[in-house]
A.B. asks: 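The structure that follows is given in the form of structure tokens.
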Amino acid sequence: MSRYNPKEVEPKWQQAWSEAKAFETKDDSAQKKYFVLEMFPYPSGRIHIGHVRNYAMGDVIARYKKACGFNVLHPMGWDAFGMPAENAAMQTGSHPAKWTRSNIEIMRDQLKQMGLSIDWSREFATCDPEYYVHQQRMFLDFWKRGFAYRKESMVNWDPVDQTVLANEQVIDGKGWRSGAPVERRTLSQWFFKITDEADDLLAALDDGRLAGWPENVRTMQKNWIGRSKGLEMKFRFVDGTNAPTGQKDGIEVFTTRPDTLYGASFVAISPDHPIAAALAQNDSGLAGFIAECQKTGTSEEAIEKAEKRGYKLPLEMAHPFDDRKLPVYVANFVLMGYGTGAVFGCPAHDQRDLDFARKYDLPVPPVVLPQDADPTTFTIENESYVGPGAIYNSDFLNGLDTKEAIAKAIAKIEEMGLGKGTTQYRLRDWGVSRQRYWGCPIPAIHCEKCGIVPVPEKDLPVILPEEADFSVPGNPLDRHPTWKHVDCPECGAKARRETDTCDTFVDSSWYFARFASQPESKPVDPKIADYWLPVDQYIGGIEHAILHLLYARYFTRMMKQSGYLTVDEPFANLFTQGMVVHETYRDEKGNWVLPEDVIIEKGTARRLDDGSSVKIGPIEKMSKSKKNVVSPEAIAAQYGADAARWFMLSDSPPERDVEWTDSGVEGAWRLINRVWDTVSAGASAAQNVDLSKPNVTDADKPLRQATHSAIAGITDDIEHFRFNKAIARVYEFLNALKKADKGAGDWAKAEALSALARLISPFIPHLAEECWAVLGGKGLVCDAPWPIADRELLAKDELMIGVQVNGKRRGEIAVAADADKDTVEQVALSDETIKRHIDGLTIRKVVVVPGRIVNIVAN
RNA sequence: GCGGACGUGGUGGAAUUGGUAUACACAACAGACUUAAAAUCUGUCGAGCUACGCUCAUGCGGGUUCAAGUCCCGCCGUCCGCACCA
């Protein structure tokens, strides 16, 4: 018996699949479809073990669904635009396109070596002009429809790298790459009006449209959208107040607690509020205060520690309901980005306002009385009261509960013409402008006379210039000698091309639709896209729970409203898989050490080269910086792709993190050999069996039961994404096969092996093909139908059920599966062991749960 | 602070609706084969005890139930997300 050799077997079957075009999918609308998609990779250079886990999961689903008779679409492509390519260009001088293309070549080969059932004929990269031309086409469409627009917005500007930074790229007020203090700048940028869809994006999370999504992702999106209902209202300047010129007659504030309006004791505005800026022009103290506020970091920690601070303005506001005059402060805790950038302070019922009021010695009038509190003695000390209660000290609101008072206060303010009830979102419009080279150019032209005009459709695509200078920071498109100089398409005068490119999240917001249908002349053919969409199963990392998944949901809505698609939710079922983690190692000098350079014996680790001791650190997400990575190529070279795939799916539930261990992959390798040994030992007998002509005896029953319960169990486990359990059942089946082997006839053995080959094929497809071939199976196992469990065999004639006395398990009895309760009770009561336990006791009650358990209550 | 998830052997984990807790694997130990090792195969493997059996074990403390890892209440701990959001 020859040892299984994946180095020969795996490439052989990969070629066979490719030659048979086994996974090339037809747009056959007569057949029921299944679209399975894993989040497409960024071509960073090589695939990592996390990719293997992600794609192995998708491949199990894809191969299983194909075997079940679905028309399966399982495509692959490349999220190819983005910063790393440009950084590489800056560091090594290699052009981003060249760098990206060569990474794609390498990674495509690596993925093919994993034996994934992918329709490679649909492959594309987002940096292909054939892809992004349609993105530009849609951009123009969205612009025309008002979904895309330009506005001035405050950005983090890195003066050294000459670029806009995302909030996550600002660390302690400094650029993450350059280390230079970040400036705030106002730039005119392109935005998508995602806030227009906020309500529907939110509603779909709850109304069943996303029933196939994990609860935690839906919750995260809900919080991210962050809807709150309240009142937007104006506080008027007191007569005689010297209001800044250009300002209207008051300050707009937003509140969710208009019921506490009588508790107001000040008004506070954000340091970024236009009124603050206007007053700062003639007040250097204020200007200094604002500058200081802007310096404080936006990190969690900085916010936690930041003291509530304010700067009193020479303004006074009139209380809307009585004749109090309220002071106005610029306060560091008021955010310009939420609501109107101004609030009224109600210290008794808001902790921040209370901290502020104590510091600046402002009044703290309570207006909400907790239940059972005494109105004459209730006071606020250092903790505000934010709970429910009855309104008091509040004239026309007195006696109402919070909810009623909110409604009445809003009605009153509306009646007074000072404001109206509104809904606020935490979600901001999606800024898509990036001042980078390696992205999809935004198809617009700036003309002095005509303003910003769209690039005419006949001039699309706007293609990136091949030559560009990456030697200095900044946007290579902006400083390109010729690219941006064009004539205005409307008046013909000299004009300037838009040099912003799209956020790469735009590229990944519709790629799934392009996989479904890729006509030359338009983004998608609606009829074909309609057949394939939505994606039936989407699989990816939890790190995309908010941004990518929200943007794709929004983009799909824009596409629907523009007539490209008919679905509004792109992903019917979402699965977020866990990470691959590994121990970390550091040598005596504190340097990180690669696992392949470490040898571990009896719990102590040392370097492989010089034998010096190595400290084993915590198990963490694999990262290049901590060197706790393993190379999928090395694993595949040693054990084959099947072993790597098998191990990635065994042990841990798919949604949880899995720890990579050498013993784990060795265990997978053992399994592969066990399967091969079992199958090749039975192959010659099986080849002579005609499975279509059953030939069984009673002696075959144990084996056939093992076979059919394996089929039933593994099917159910795959359907429910329990790959670790499915794998455990394969082991159980193998164990049972070995035990039952001797008594069973050739037909039952052949049936078992045939089922085994098909059951493992989603997980370890190369070995499955090899087994299928030696067993004499027809064609390829990847084209073979999924085995079907015989229900009759699953129903056992006799069951072993537990017997409890007073809730404690005391014995076990064998009863016929269809025995009635009385019979079961009699068998239990006459069991010798049970008799001993109830000896001398009076039986009060006997609970019989058919097929499960008997419990005798006695004392 | 708000929201969510989780807590079971030496380890990863299983236990469908409340119904025989610890499937399956890893590690460990013993044995077979071998001159030897590796590989492979067989067996043992929650803890304790006065061991043919009994007692105790699913983070801790209560509760409901004939029966609780599972349901309810209160703690403790770990992880994740969001956060001066008015």
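Everything quoted here is computed from the prediction, not taken from an experiment. Quick note on labels: first sequence line is chain A, next is B, and so on, each numbered from 1.
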A.B. asks: Under a 90° cut-off about 0 for the syn range, is G13(B) syn or anti?
C.D. replies: anti

A.B. asks: Using the C1' atom as the reference point in each nucleotide, state the distance between U17(B) and U11(B) in Å, no decimals.
C.D. replies: 31 Å

A.B. asks: Where each residue is assigned the nucleotide of RNA chain B containing its nearest heavy atom, which of I856(A) and R428(A) is assigned the position nearer the 5′ end?
C.D. replies: I856(A)

A.B. asks: Between N216(A) and M336(A), which is nearer to the 5' end of RNA chain B once each is assigned its nearest nucleotide?
C.D. replies: N216(A)

A.B. asks: Any side-chain N or O of R852(A) below 4.0 angstrom from OP1/OP2 of U17(B)?
C.D. replies: no

A.B. asks: If you check the M220(A) side chain, which of G81(B), C84(B), C82(B) turns out closest?
C.D. replies: G81(B)

A.B. asks: Determine the Euclidean distance between corresponding P atoms of G43(B) and U58(B); express it in Å to zero decimal places.
C.D. replies: 31 Å

A.B. asks: Between N806(A) and R844(A), do the side chains contain a donor N or O and an acceptor N or O under 3.5 Å apart?
C.D. replies: no

A.B. asks: Answer yes or no: is there a side-chain heavy-atom contact under 4.5 Å between V815(A) and T823(A)?
C.D. replies: no

A.B. asks: Find the distance I406(A):CD1 to A86(B):C1' and express it as a whole number of Å.
C.D. replies: 12 Å

A.B. asks: Please tell me if the side chains of I813(A) and M800(A) come closer than 4.5 Å, counting only heavy atoms from C-beta onward.
C.D. replies: no

A.B. asks: For a quick check of understanding: with a heavy-atom distance under 4.0 Å over all strands, which category does Y731(A) fall into, base, sugar-phosphate or nothing?
C.D. replies: sugar-phosphate

A.B. asks: Could you tell me how far apart D657(A) (CG) and U11(B) (P) are, to the nearest whole angstrom?
C.D. replies: 18 Å

A.B. asks: Rounding to an integer number of Å, can you tell me how far M800(A) CE sits from U20(B) C1'?
C.D. replies: 10 Å

A.B. asks: Could a donor-acceptor pair under 3.5 angstrom be found where the side chain of K725(A) meets the base of C24(B)?
C.D. replies: no

A.B. asks: When the C1' atoms of A51(B) and U35(B) are considered, how many whole Å apart are they?
C.D. replies: 42 Å

A.B. asks: Rounded to the Å, how far apart are E232(A) CD and A86(B) P?
C.D. replies: 14 Å

A.B. asks: For a quick check, with a 4.0 angstrom heavy-atom cut-off, what is the B/S/- contact string for nucleotides 40-55 of chain B, read 5' to 3'?
C.D. replies: SSS-----------SS

A.B. asks: CD of E719(A) versus C1' of U16(B): gap in Å, rounded?
C.D. replies: 15 Å

A.B. asks: Does any nucleotide pair with U20(B) by Watson-Crick or G-U wobble geometry, both distances under 3.5 Å, and what is it?
C.D. replies: none

A.B. asks: Using side-chain heavy atoms (C-beta onward) and a distance below 4.5 Å, is Q221(A) in contact with L549(A)?
C.D. replies: yes

A.B. asks: N724(A) has an atom CG; how far is it from atom C1' of U11(B), in whole Å?
C.D. replies: 15 Å

A.B. asks: Identify which nucleotide among G12(B), C24(B), U20(B) has an atom closest to any side-chain atom of E812(A), counting heavy atoms from C-beta outward.
C.D. replies: U20(B)

A.B. asks: Ignoring the backbone of Y338(A), work out which of A67(B), C85(B), C84(B) is nearest its side chain.
C.D. replies: C85(B)

A.B. asks: Could you please name the option among A14(B), G81(B), C84(B) that lies closest to any side-chain atom of I546(A)?
C.D. replies: G81(B)

A.B. asks: Suppose you measure atom P in U42(B) against the same atom in C24(B); what distance do you get, rounded to whole Å?
C.D. replies: 13 Å

A.B. asks: Using whole Å, what does the distance between atom P of nucleotide G4(B) and atom CH2 of W213(A) come to?
C.D. replies: 19 Å

A.B. asks: Given the C1' atoms of G13(B) and G7(B), what is the spacing between them in whole Å?
C.D. replies: 13 Å

A.B. asks: Knowing that exactly one of T255(A), T260(A), D259(A) qualifies, which makes a side-chain hydrogen bond (donor to acceptor under 3.5 Å, both in side chains) with R257(A)?
C.D. replies: D259(A)

A.B. asks: Which nucleotide in the list A27(B), C84(B), A21(B) gets nearest to the side chain of K308(A)?
C.D. replies: C84(B)

A.B. asks: Nearest whole Å is fine: how far is C85(B) C1' from W224(A) CH2?
C.D. replies: 12 Å

A.B. asks: Checking contacts here: which listed nucleotide (C26(B), C85(B), G81(B)) is nearest the side-chain heavy atoms of N223(A)?
C.D. replies: G81(B)

A.B. asks: Strictly by Watson-Crick or wobble contacts shorter than 3.5 Å, is anything paired with A32(B), and which nucleotide is it?
C.D. replies: U40(B)

A.B. asks: Report yes if at least one side-chain N or O of R656(A) is closer than 4.0 Å to OP1 or OP2 of G12(B); otherwise report no.
C.D. replies: no

A.B. asks: Taking the basic N atoms (NZ, or NE/NH1/NH2) and the acidic carboxylate oxygens, is any pair closer than 4.0 Å for R722(A) and E719(A)?
C.D. replies: no

A.B. asks: Going by an N to O cut-off under 4.0 Å, is there a salt bridge joining K626(A) and E620(A)?
C.D. replies: yes

A.B. asks: Who does C56(B) pair with, Watson-Crick or G-U, both distances under 3.5 Å?
C.D. replies: G46(B)

A.B. asks: Closer than 4.0 angstrom, basic N to acidic O: yes or no for D657(A) and K621(A)?
C.D. replies: no

A.B. asks: Should the pair D206(A)-K222(A) be classified as a salt bridge under the 4.0 Å nitrogen-to-oxygen rule?
C.D. replies: yes

A.B. asks: Using purine N1 to pyrimidine N3 plus N6-O4 or O6-N4 for Watson-Crick, or N1-O2 and O6-N3 for G-U wobble, each under 3.5 Å, what pairs with A27(B)?
C.D. replies: none

A.B. asks: Taking the minimum atom-to-atom distance to the side chain of A728(A), which one of C84(B), C24(B), G13(B) wins?
C.D. replies: C24(B)

A.B. asks: So what's C71(B) paired with, Watson-Crick or G-U wobble, going by both distances under 3.5 Å?
C.D. replies: G63(B)

A.B. asks: Which part of the nucleic acid does V803(A) contact within heavy-atom distance under 4.0 Å: base, sugar-phosphate only, or nothing?
C.D. replies: nothing

A.B. asks: What distance, rounded to whole Å, do you find between the two C1' atoms, one in A15(B) and one in U20(B)?
C.D. replies: 11 Å

A.B. asks: For F505(A), enumerate each residue passing the ring-ring contact (aromatic ring centres under 6.0 Å, His included) test, keeping only those at least two apart in sequence or located in another chain.
C.D. replies: Y551(A)

A.B. asks: Using a 3.5 Å distance criterion without hydrogens, assess whether the side chain of Y360(A) forms a donor-acceptor pair with backbone atoms of G310(A).
C.D. replies: yes

A.B. asks: What's E732(A) touching, base or sugar-phosphate or nothing? Going by heavy atoms closer than 4.0 Å.
C.D. replies: sugar-phosphate

A.B. asks: Kindly point out which of G13(B), A86(B), C66(B) is positioned nearest to the side chain of T255(A)?
C.D. replies: A86(B)

A.B. asks: Between C24(B), A27(B), A86(B), which one does the side chain of N735(A) approach most closely?
C.D. replies: C24(B)

A.B. asks: Answer with base, sugar-phosphate or nothing: what part of the nucleic acid does T256(A) contact at a heavy-atom distance below 4.0 Å?
C.D. replies: sugar-phosphate

A.B. asks: Check if the side chain of N855(A) and the base of C66(B) share a donor-acceptor pair of N or O atoms closer than 3.5 Å.
C.D. replies: yes

A.B. asks: Using the side-chain heavy atoms of V857(A), tell me which of these nucleotides is nearest: U17(B), C66(B), A86(B).
C.D. replies: C66(B)

A.B. asks: Are the side chains of L550(A) and L427(A) in touch, meaning some heavy atoms are under 4.5 Å apart?
C.D. replies: yes

A.B. asks: Mind checking the P distance from C82(B) to G10(B)? Whole angstroms is fine.
C.D. replies: 36 Å

A.B. asks: Tell which nucleotide pairs with C2(B), taking only Watson-Crick or G-U wobble pairs whose two distances are both under 3.5 angstrom.
C.D. replies: G81(B)

A.B. asks: Going by the glycosidic torsion and a 90 degree boundary from 0, is the base of A15(B) oriented syn or anti?
C.D. replies: anti

A.B. asks: If we take the C1' atom in both G69(B) and G18(B), what is their distance in whole Å?
C.D. replies: 11 Å

